[in-house]
Each structure stands twice: as C-alpha cells, then as structure tokens.
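Numbers here are sequence positions counted from 1. Counting starts at 1 for both ligands and their atoms, in listed order.
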Amino acid sequence: MTGLKSREIHLKEYPKGAPTADLYEIKEVDVREPGEGEVLIRIVWMTVDPYMRGRMRPDVKSYIPPFQLGEPLDGGAVGQVVKSNAEGFAEGDYVVGFNGGWREYYTGPAEAYTKVDPNLAPLSAYLGVLGMPGMTAWAGVTQIMEPKEGETMMVTGAAGAVGSIVCQIGKLKGCKVIGSAGSQEKCDWITSELGVDVAYNYKDFDGSSAKLSKFLAEQAPKGIDTYFENVGGFQLEALLNNIGFGGRIALCGMISVYNNTDPEPGPANLTNLIGRGVLVRGFIVSNYMNLMTQFFGEMGPWVASGKVKFRETVYEGLDSAPEAFAGLFTGDNTGKVVIRVGPDSM
Ligand SMILES: NC(=O)c1ccc[n+]([C@@H]2O[C@H](COP(=O)([O-])OP(=O)(O)OC[C@H]3O[C@@H](n4cnc5c(N)ncnc54)[C@H](OP(=O)(O)O)[C@@H]3O)[C@@H](O)[C@H]2O)c1
C-alpha cells in the first residue's frame, strides 16, 4: 500500500426516476501501489455525463456494463501521475482517461490513459471540447450528417457539452443552424456567442409537436437537411415532420427519456423517413476512436483560434459530483459540467 487514502463515491442503490442525493455514499479506502504496466493518478478533474444514467439500469443491455452496487462509480477524469510503473509515463505527467472519476486517487492500467499538455488548453477542456463530448460532436457531424454549405442543420440540447460544439461545427461548414435549449439565457448564449441562427426554448412549446412543427416549417421552409439528436420526445416528432428529402440524422442521445420509469410512446410519424429517403444512424463515440488523430487535427486549431468556443459549468469538490450529475437532467449546466477534485499541481 502507498499510505495514501482516497475518498470515493459508491452507489448504494439504483435510481427510480431522477437520480437523487441519497443513492450514494462516500467511502475512504487505501490506495494501492501500481502493478506492472500501471500508474497511480491523483485526480484533478472528473466529469459527469448523461450516459452514466444508463449505467444505473442493470436491466438494460448496453454497450457498457452497469455500475455495481456497493462499488465505486467510475468515469472520465484528468489527473496527475503520482507513481508510474509503466513505460512512457512519469511522475508529474498529466493524463486523461475514461476511468478514475468519482474518487481522489486511482490506480489502474496506463494503457487506458493519454498524456495531455496543460499548456495547450486548460486541463478540464480534455473532458469537454477536446475530449469525449467534443469527439462525439465532431464524429456525428463529419461521419454521419456530412453537412453541405447552404444546408439547414438542427441540434437539440444545443447549449450542452456536445450540442454547443455541434452548432459551431455546423456554422463552420456553412449551414444555417437551428438549436434548442431549455432557457432564454441559453438561447441567447448560443445565438450571440456561438453564431446559431435560430434558437428556441423548447419549454415554450408545452410538449406540443404540432406547435413546434409549425415553427420549424416557418424557419426551414425547404426542410431540415441534417439533425443531431440529443434529446428525443416531442422535438423529434416535430423534426420528423420537417426533415428534408435526403436528410441525415445522427442519433446521439435522448436525455428526455433517461429517467422514465415507463416506456415513452414512439413518434407517430416515422414513415416520413421512408418517402424522404432519410438516413438515421445511431452511434457511440467509441465507434470512431480510430479517428482520434483526425479529430484533434481539426478541433485543436479550431479551439486555439477561437473558431470553436466552449463554456464550462464548474462544481467544486468530489462531494459535489452527485449534485452535478442530477443537474444534467434539470438543465443546471451550460456547456460542459466538470468537477474540480483537486488542485492542478501539489
Ligand atoms: N452517443 C454517444 O457516444 C454520446 C456521447 C456523449 C453524449 N451523448 C448524449 O448526448 C446528449 C447530450 O450530452 P451532453 O454530455 O452534451 O449533456 P449536456 O447537454 O451538457 O447536459 C444535458 C442537458 O440536457 C438537457 N435536458 C435535460 N433533460 C431534458 C429534457 N427532458 N428535455 C430536453 N432537454 C433536456 C439540459 O439542458 P436544457 O436546459 O436545454 O434542458 C441539460 O443541460 C445526451 O443525450 C447524451 O446521452 C451521447
């Protein structure tokens, strides 16, 4: 043992509906030495992401196994190497990986980590625009939607971690972008700072796909060419009434149904997809990990030059992680949610 102690957040029970504070407990554990090929990391930033709600449903078959009760939660994190027993990693290196979140220290295989340069971007950006959400946005747009100049793109969840990046890539590709978010403040941000052409607060439509359909028809009289789906529900139904011929839809997420205890009825107008020859493709970011170098090659310069902007909602301290996670489902965040677990350097 290292003599170090780590506080980590465990799941006591699976949520029924929205995730609440009583589902978790904090435990202090001894931090073990890194074995052959492993590193010991002090966590600096951790992320909470909507997909973690899916890992709290042990009954649903998924691409990633469910969290186990009584075990620590896990997720993406940026940290600093405290001890290395792996080639290519030295004490003091900063790394990002899909494991190590929800705790203060993590010992695990070095191959799951990538070194990051704290001088190129703030460390937390490697969990957002330069990390999994940025890659998700880039992959959905470039590999599925393939927008062309002059086309109209629609994005739900447009003020969130993924959606806010999708909107900006859409603008860089020369599209008219329509984005939706859950408050006027968020709509103002995506229009004034991100260049979105039309923003609407979906809450103004009272869940009515008919009302929203009419609005979208006014905004895109020739139809919507590409759609990035983050939310689902009545907005999807309204979109399906307005999708154009040869439209392309990237199905990334449907956060509006993640906390449902009963199945949601499907959209009544799926048949529109047939006659209009629409491509619909669901995807998981990990399907495109082979394109990581290409992603960095495009996104790095966009971020460095300010062509792609990003915003973060920062929570302080490991203990705030459950609140940060719950806030994803109530729209508390603008841009990427990140949790500061420890200082950048000791
Ligand atoms: N396929 C993949 O590989 C992949 C990877 C990353 C993310 N995703 C998916 O992408 C979507 C966005 O993820 P993110 O990380 O960027 O999260 P995020 O947008 O930063 O945060 C979630 C946002 O969803 C909105 N929301 C919550 N409940 C809603 C509801 N009932 N109806 C409409 N909007 C609601 C809230 O914003 P408002 O204030 O606007 O309501 C909230 O801020 C999620 O569906 C996620 O599962 C998929």
Side-chain angles (χ1 to χ4, degrees), residues 17-19 47-57 60 62-64 75-76 98 101 124 127-129 131-141 143-145 155-168 179-190 194 196 199-207 209 212 227-239 249-260 264 280-289 291 295 310-315 323-339:
T47 170
V48 287
D49 298 284
Y51 81 86
M52 291 171 178
R53 180 64 182 84
R55 297 194 70 184
M56 295 176 180
R57 302 184 87 111
V60 178
S62 175
Y63 62 98
I64 191 165
F98 286 111
S124 52
L127 297 174
V129 65
M132 184 278 279
M135 175 75 186
T136 304
W138 177 87
V141 176
Q143 304 303 304
I144 299 173
M145 292 155 77
V155 186
T156 45
V162 175
S164 60
I165 307 302
V166 174
C167 291
Q168 295 179 83
S180 77
S183 73
Q184 188 55 46
E185 202 185 340
K186 291 185 183 188
C187 289
D188 291 345
W189 176 58
I190 62 174
L194 308 188
V196 167
Y200 67 88
N201 180 350
Y202 65 87
K203 292 175 184 165
D204 291 343
F205 292 86
D206 309 318
S209 62
L212 180 56
Y227 176 52
F228 195 100
E229 172 66 297
N230 279 322
V231 167
F234 80 99
Q235 295 193 81
L236 172 59
E237 189 161 283
L239 174 278
I249 299 179
L251 287 185
C252 172
M254 292 198 185
I255 196 167
S256 71
V257 305
Y258 292 176
N259 288 326
N260 284 4
E264 169 121 339
V280 183
R281 172 129 208 196
F283 76 106
I284 296 298
V285 60
S286 48
N287 302 152
Y288 295 103
M289 281 305 160
L291 300 179
F295 161 66
F310 65 97
R311 191 180 269 196
E312 294 176 337
T313 300
V314 178
Y315 286 78
E323 183 195 347
F325 180 57
L328 290 170
F329 303 95
T330 45
D332 293 357
N333 63 303
T334 302
K336 179 72 192 101
V337 174
V338 284
I339 295 127

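The protein atom (non-hydrogen) at minimum distance from atom 3 (O) of ligand 1 is Val285 N, 2.7 Å. Distance from atom 37 (O) of ligand 1 to its nearest protein heavy atom, with residue and atom name: Lys186 NZ, 3.4 Å. Scanning the protein heavy atoms around atom 19 (O) of ligand 1, the nearest turns out to be Gly160 CA, 3.2 Å. At the top of the distance list for atom 16 (O) of ligand 1, counting protein heavy atoms only, stands Val162 N, 2.8 Å. Scanning the protein heavy atoms around atom 36 (C) of ligand 1, the nearest turns out to be Gly331 CA, 3.6 Å. Looking only at protein heavy atoms, the nearest one to atom 45 (O) of ligand 1 is Asn230 O, 2.8 Å. The protein heavy-atom contact nearest to atom 23 (C) of ligand 1 is Leu328 O, 3.6 Å. Distance from atom 28 (N) of ligand 1 to its nearest protein heavy atom, with residue and atom name: Phe329 O, 3.6 Å.
Put simply, NZ on Lys186 and CG on Asn201 are 9.5 Å apart, with the number rounded to the nearest 0.5 Å.
In this structure, Gly335 counts as a contact residue of ligand 1, since one of its heavy atoms falls inside 4.0 Å of the ligand. Within the structure, ligand 1 has Cys252 among the residues with a heavy atom less than 4.0 angstrom away.
The side-chain heavy atoms of Phe228 and Met145, taken from C-beta on, include a pair separated by under 4.5 Å. With contacts defined as side-chain heavy-atom distances shorter than 4.5 Å, the pair Ile165/Trp138 does not qualify. Using a 4.5 Å heavy-atom cutoff, the side chains of Pro19 and Asn259 are in contact. Using a 4.5 Å heavy-atom cutoff, the side chains of Ser286 and Phe98 are not in contact. Side-chain atoms of Tyr202 and Phe234, non-hydrogen and from C-beta on, do get closer than 4.5 Å to each other. For the pair Phe325 and Leu328, the minimum side-chain heavy-atom distance is below 4.5 Å. Considering only heavy atoms from C-beta on, Gln235 comes within 4.5 Å of Tyr200 through its side chain. The side-chain heavy atoms of Tyr63 and Tyr51, taken from C-beta on, include a pair separated by under 4.5 Å.
Backbone and side-chain nitrogen or oxygen atoms of Asn333 are examined, and one is located within less than 3.5 angstrom of a nitrogen or oxygen of ligand 1. For ligand 1, one of its N or O atoms has an N or O atom of Ala161 under 3.5 Å away. Annotation: Met132 places no N or O atom under 3.5 Å from an N or O atom of ligand 1; distance criterion only. Polar contact check, Gly253 against ligand 1: no nitrogen or oxygen pair lies under 3.5 Å apart. For Tyr202, a nitrogen or oxygen atom sits less than 3.5 Å from a nitrogen or oxygen atom of ligand 1, counting backbone and side chain alike.
Formation of a donor-acceptor pair under 3.5 Å by the Glu229 side chain with backbone atoms of Gly232 is found in this model. The closest donor-acceptor contact from the side chain of Arg281 to the backbone of Gly140 lies at 3.5 Å or more, if one exists at all. At least one donor-acceptor pair closer than 3.5 Å links the side chain of Thr313 to the backbone N or O of Thr334. With hydrogens and angles disregarded, a donor-acceptor distance shorter than 3.5 Å links the side chain of Thr156 to the backbone of Asn230.
Distances below 4.0 Å separate heavy atoms of Val231 from the following atoms of ligand 1: 32 (N), 33 (C), 34 (N). Remark: ligand 1 atoms within the under-4.0 Å shell around heavy atoms of Ala181 are 40 (O). Those atoms of ligand 1 that come under 4.0 Å of a heavy atom in Ile255, given as number and element, are 22 (C), 24 (O), 26 (N), 27 (C), 28 (N), 29 (C), 35 (C), 45 (O). Close approach to Met254 involves these atoms of ligand 1, each under 4.0 Å from a residue heavy atom: 45 (O). Less than 4.0 angstrom separates some heavy atom of Phe283 from each of these atoms of ligand 1: 1 (N), 2 (C).
For atom 47 (O) of ligand 1, the candidate residues are Phe234, Tyr258, Tyr63, Phe228; the nearest heavy-atom contact is made by Tyr258. The closest heavy-atom contact to atom 40 (O) of ligand 1, among the options Cys187, Gly182, Ser256, comes from Gly182. Summarising the contacts of atom 46 (C) of ligand 1 with Ala18, Gly179, Pro50, the nearest heavy atom is found in Pro50.
Side chains of Lys336 and Ser124: a donor-acceptor N/O pair is absent below 3.5 angstrom, by distance only.
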